[in-house]
Amino acid sequence: MEIFKTKASLQAYLQNARSTGKKIALIPTMGALHEGHLSLLNYAKPISDIRVCSIFVNPTQFNDPKDLEKYPRPIENDIKLLESVDCDILFLPSVEEMYPDKDEYWHIDLGELDQIWEGEKRPGHFQGVTQVVYKLFTLVQPNIACFGQKDFQQVMVIKRMIAIKDLPIELAICPIIRDHDGLALSSRNMRLSAEGKRQALALSRSLQYVRDHIHNNVPLNKIKQEAEHILMNTAGVTVEYFAICESTSLEEVETIDFSKQHVVLVTAWVEGVRLIDNMTIS
Ligand code: PAF
């Protein structure tokens, strides 16, 4: 695996590859890699010639400086993991390399997506995400970009940015990877104790409850209440939001229209760590 730390060196390498018709896949990450990230790399393997994984803890998407400071950065282990899946290129820039102008202005019209759920709870978060992802897209010019469905709203935001900027990039959305107990894999799980991980299982259990009961003619508000009880009755879990939404607008629904896809979104805190999860209902 080649490691590039500057935009110029990465660009020179990729220009050469592109001129020989190689198909490039980009897997943007913030490191602290786990099986979820590796599944994106594995997905991209048969459909691309060069897989570029970026590791960059992007400061502009953190609205809480403490969260940014505490974000895990186990780079030696990340490199080993990337080598284990034969990743071709790791792009590992510094903050100065990505943001030579500290006051760089960025704004993209994300409509409602910037105002609801993660957009509401983390003001400026999606502006920061799109700012860095747009930089990576411009730099790497990938044919395919891979993202995980765990960040459901983030995927919608990236889709919208691709449409607004009219980028010739195929978006690959890969399923959530869970551990054997159902906990959605997340870099943030590294900050949980064994007990915290056990408590965090309430998130996936609440989602699964909705999925299991939705077809049983039980009113949706009852199902939602029961699912919320799972979360509230688990010591150590503080719910930020729990919502059953239509999946293209993320509008909360009171009844299910079975001709549409829905998604259940949950965000909760465990041991001071903010965790998100979701489950689609088709
Ligand atoms: O999902 C993430 O890890 C980040 O939001 C991303 C897409 C790498 C942008 O920093």
Side-chain angles (χ1 to χ4, degrees), residues 4 7 10 24-41 43-44 51-65 67-75 77-78 81-82 87 89-99 104 106-108 110 113-114 117-119 121-140 142 144-162 165 167 169-177 184-191 265 267 273-278:
F4 294 107
K7 291 180 283 191
L10 176 68
I24 298 168
L26 172 66
I27 298 95
T29 81
M30 297 206 296
L33 303 179
H34 49 69
E35 286 296 327
H37 297 110
L38 301 188
S39 76
L40 302 179
L41 279 132
Y43 176 85
R51 286 169 299 159
V52 180
C53 176
S54 60
I55 295 185
F56 178 64
V57 183
N58 173 37
T60 68
Q61 71 187 75
F62 285 82
N63 46 329
D64 174 359
D67 193 23
L68 171 61
E69 197 187 302
K70 286 186 192 154
Y71 203 84
R73 292 165 170 87
I75 189 62
N77 193 51
D78 284 350
L81 287 173
L82 289 175
C87 179
I89 294 174
L90 165 59
F91 180 48
L92 190 61
S94 63
V95 174
E96 293 71 31
E97 184 67 14
M98 288 304 276
Y99 295 104
E104 181 188 280
W106 169 265
H107 182 81
I108 186 165
L110 298 170
L113 287 175
D114 229 358
W117 312 124
E118 290 304 279
K121 299 293 180 194
R122 303 184 67 187
H125 170 64
F126 288 131
Q127 290 300 328
V129 169
T130 48
Q131 182 179 26
V132 77
V133 172
Y134 186 68
K135 275 175 187 283
L136 292 167
F137 280 178
T138 312
L139 182 67
V140 176
I144 307 156
C146 305
F147 291 85
Q149 177 135 357
K150 180 167 161 294
D151 295 293
F152 195 90
Q153 196 171 351
Q154 170 171 281
V155 169
M156 294 176 75
V157 160
I158 302 292
K159 234 185 235 173
R160 187 174 168 114
M161 182 182 75
I162 289 178
K165 301 282 185 189
L167 303 173
I169 298 174
E170 185 190 321
L171 192 60
I173 304 157
C174 298
I176 299 176
I177 305 293
L185 297 193
S186 162
S187 304
R188 291 173 194 269
N189 295 353
M190 277 187 194
R191 290 172 50 202
L265 304 172
T267 295
V273 182
R274 189 172 186 273
L275 300 172
I276 64 172
D277 198 355
N278 70 79

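Each ligand, and each atom within it, is numbered from 1 in the order the structure gives.
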Atoms of ligand 1, numbered as shown, that sit under 4.0 Å from any heavy atom of [X]:
X      : value
Gln61  : 4 (C), 5 (O), 9 (C), 10 (O)
Thr29  : 8 (C)
Met30  : 3 (O), 4 (C), 8 (C), 10 (O)
Gln154 : 1 (O), 2 (C), 4 (C), 5 (O), 7 (C)
Val132 : 9 (C), 10 (O)

Side-chain H-bond candidate by donor/acceptor type, Tyr71 with Asn58, under 3.5 Å: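 Looking only at side-chain atoms, Asn58 and Tyr71 do not form any donor-acceptor pair under 3.5 Å.
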
Does a side chain donor of either Asp114 or Gln127 reach within less than 3.5 Å of an acceptor in the other side chain? yes

Could you tell me whether a side-chain N or O of Thr29 sits under 3.5 Å from a main-chain N or O of Ser54, the two making a donor and an acceptor?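 Checked: pair present.
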
Should Gln131 and Glu104 be marked as a side chain to side chain donor-acceptor pair (under 3.5 Å) after you check the CA-CA gap, both sets of side-chain angles, and the distance that decides it? CA-CA 10 Å; Gln131 182 179 26; Glu104 181 188 280; 2.8 Å; yes

Looking at the rings of Tyr134 and Trp106, which for Trp means the six-membered one, are their centres under 6.0 Å apart? yes

